[in-house]
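Each ligand, and each atom within it, is numbered from 1 in the order the structure gives. Sequential numbering from 1 along the given sequence is applied to the chain's residues.
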Amino acid sequence: MSKEAKLELDGKAHTLPVIVGSEGEKALDISSLRADTGCITLDESYGNTGSCTSRITFIDGEKGILRYRGIPIEELAEKSTFIEAAYLIIYGDLPTRDQLRQFSELFTEYQFLHEDMKYHFESFPSGAHPMAILSAMINAASCFDDELMHWRWGKANSQFNIYAAKLMSQVRTIAAYSYRKSRGLPLIYPKRAYKYTANFLHMMFSSPYEDFELRPEVVKALDLIFLLHADHEQNCSTSTVRMVASSQANLFASASAGVCALWGPLHGGANQAVIEMLEEIHREGDDGSKFITAAKDKGSGRKLMGFGHRVYKNYDPRAKIIKRACDDVLSKLHVTDPLLDIAKHLEEAALKDSYFVERKLYPNVDFYSGIIMRSLGIPVEMFPVIFAIGRMPGWIANYKEIMDDPKSRISRPRQIYIGRALNHYVPLEERK
Ligand code: ACO
């Protein structure tokens with residue numbers, strides 16, 4: 001592989017260094033292009049732009065490969081837990097027994113919100129979307145921590161361990177509170193005895209009189225969903241977190257911005273949109289065929305939600321794992337869900353249809369995850385919130401990567417202006 005590429009512009013040759021990643025991915029380093037040639041590159045929606053080098057997650061979208069810190073997602077899904085994978089993603093290595101214990105203890109220590117935050121929950125209207133509450137409350141939580149507000153990277157990096165655990169722990173408490181608030185239910189406090197995922201289910205579903213029955217298969221299924229969402233390199237929300245972090249905003253502010261980016265139906269909101277699509281198909285008595293026809297028609301405003309991906313041009317490896325888990329959980333819980341049959345039929349039909357085949361559109365992680373969450377009793381508006389809880393380690397690791405890099409600069413893309421050329425102010429009375 002040559003070490004540089006040649007670009008000829010107006011008869012003048014320019015060399016661009018070739019960067020090769022540890023898995024052989026190649027990039028042209030164009031960082032000096034504007035200074036050398038006066039040109040920038042244009043790549044709307046960043047389909048072909050690397051915004052950073054990163055050591056966290058590797059994806060090969062053609063082959064359907066996903067690895068956290070080099071470890072295949074399939075191995076982690078089978079053998080690990082969300083909290084262990086979170087440590088791996090944030091700190092770069094699997095934890096020793098002691099490191100895992102210390103990490104878990106921090107979660108317990110910081111799981112309570114400041115009591116005054118309860119008043120903020122009160123002020124949201126009933127029916128407010130929990131993603132709006134989540135984003136607002138993560139940002140608000142930073143105001144209740146004076147040290148965090150004044151913390152500067154490099155001054156006391158050991159504080160980062162606390163803030164990382166605090167964010168992951170409190171996001172779960174905030175998420176459960178936002179659900180309880182939306183239902184008008186009394187808030188349930190976390191319990192010291194419960195581990196991460198069990199505690200979340202407890203805060204969601206226990207009552208003041210009786211603890212929710214924590215069935216191991218339910219806890220395991222939700223923990224798997226968190227783990228499968230834990231990082232996914234430079235997607236829309238992670239890039240947003242990095243963008244905000246690059247201005248040296250604090251960790252909570254950066255994560256709060258990530259929640260907003262995740263909320264949209266083309267990203268983390270897709271799991272909610274999938275269920276709404278399947279319900280609509282079910283209501284209309286369609287087996288999915290009519291919907292597929294509509295999804296292929298650009299004028300219909302329809303898309304097959306949970307299908308397609310910017311990076312995967314093959315089966316999303318997470319979708320394979322989730323599909324198996326979906327069958328497993330539903331059978332263990334003795335749940336039959338007509339939406340699962342519709343989803344399977346949709347998948348089968350789409351994978352045979354030339355429209356989807358030619359465009360390499362396969363099920364993504366969101367296609368089956370909603371059916372599992374439904375079977376666990378999680379309401380549909382909470383699906384993107386579950387995604388956000390799961391994605392927190394990835395956002396934190398990306399934040400850390402930016403802050404650890406002494407060469408890191410504020411992110412600031414350029415543009416090509418296509419508006420009016422020089423134009424002059426016309427006083428109001430002279431305007432026609
Ligand atoms: N249904 C129907 N057609 C689709 C779909 C879909 N789900 N996804 C892509 N296409 C079509 C596009 O219309 C386009 O067709 P064209 O070439 O004839 O114009 C072609 O496939 C390529 O798609 P793009 O829009 O260029 O793909 P892009 O990379 O910009 O978008 C995205 C990826 C947003 C995921 C898209 O596939 C989509 O909207 N899918 C549905 C929403 C979804 O499931 N999002 C979750 C993504 S995973 C995640 O964030 C966790």
Subject >> Near-ring test His120/Phe144, centroid separation under 6.0 angstrom >> reply: yes
Original post:
Going by distance alone, is a donor N or O of one side chain under 3.5 Å from an acceptor N or O of the other, for Asp223 and Thr81?
Top reply: no
Original post:
Do Met382 and Phe387 come close enough that some side-chain heavy atom pair is under 4.5 Å?
Top reply: no
Provide, line by line, the atom pairs where ligand 1 and the protein bring an N/O atom each to a distance under 3.5 Å; else say none.
residue, atom, partner, partner atom, Å
ligand 1, 1 (N), Leu304, N, 3.0
ligand 1, 3 (N), Tyr355, OH, 2.8
ligand 1, 7 (N), Leu304, O, 2.7
ligand 1, 7 (N), Phe307, O, 3.0
ligand 1, 13 (O), Lys298, NZ, 3.4
ligand 1, 15 (O), Lys298, NZ, 3.2
ligand 1, 15 (O), Arg359, NE, 3.2
ligand 1, 18 (O), Lys298, NZ, 3.0
ligand 1, 18 (O), Arg359, NE, 3.1
ligand 1, 18 (O), Arg359, NH2, 3.0
ligand 1, 29 (O), Arg310, NE, 2.7
ligand 1, 30 (O), Arg310, NH2, 3.0
ligand 1, 39 (O), Lys303, NZ, 2.7
ligand 1, 40 (N), Phe307, O, 2.9
ligand 1, 44 (O), Gly306, N, 2.8
ligand 1, 44 (O), Asn364, ND2, 2.9
ligand 1, 45 (N), Leu266, O, 3.0
ligand 1, 50 (O), His267, ND1, 2.9

Subject >> Pair Tyr87-Asp93, side-chain donor/acceptor within less than 3.5 Å >> reply: no
Original post:
What is the distance from atom CG of Asn199 to atom OG1 of Thr108, rounded to the nearest 0.5 Å?
Top reply: 7.5 Å
Subject >> Interatomic spacing from CE in Met392 to CG in Leu251 - rounded to 0.5 Å >> reply: 9.0 Å
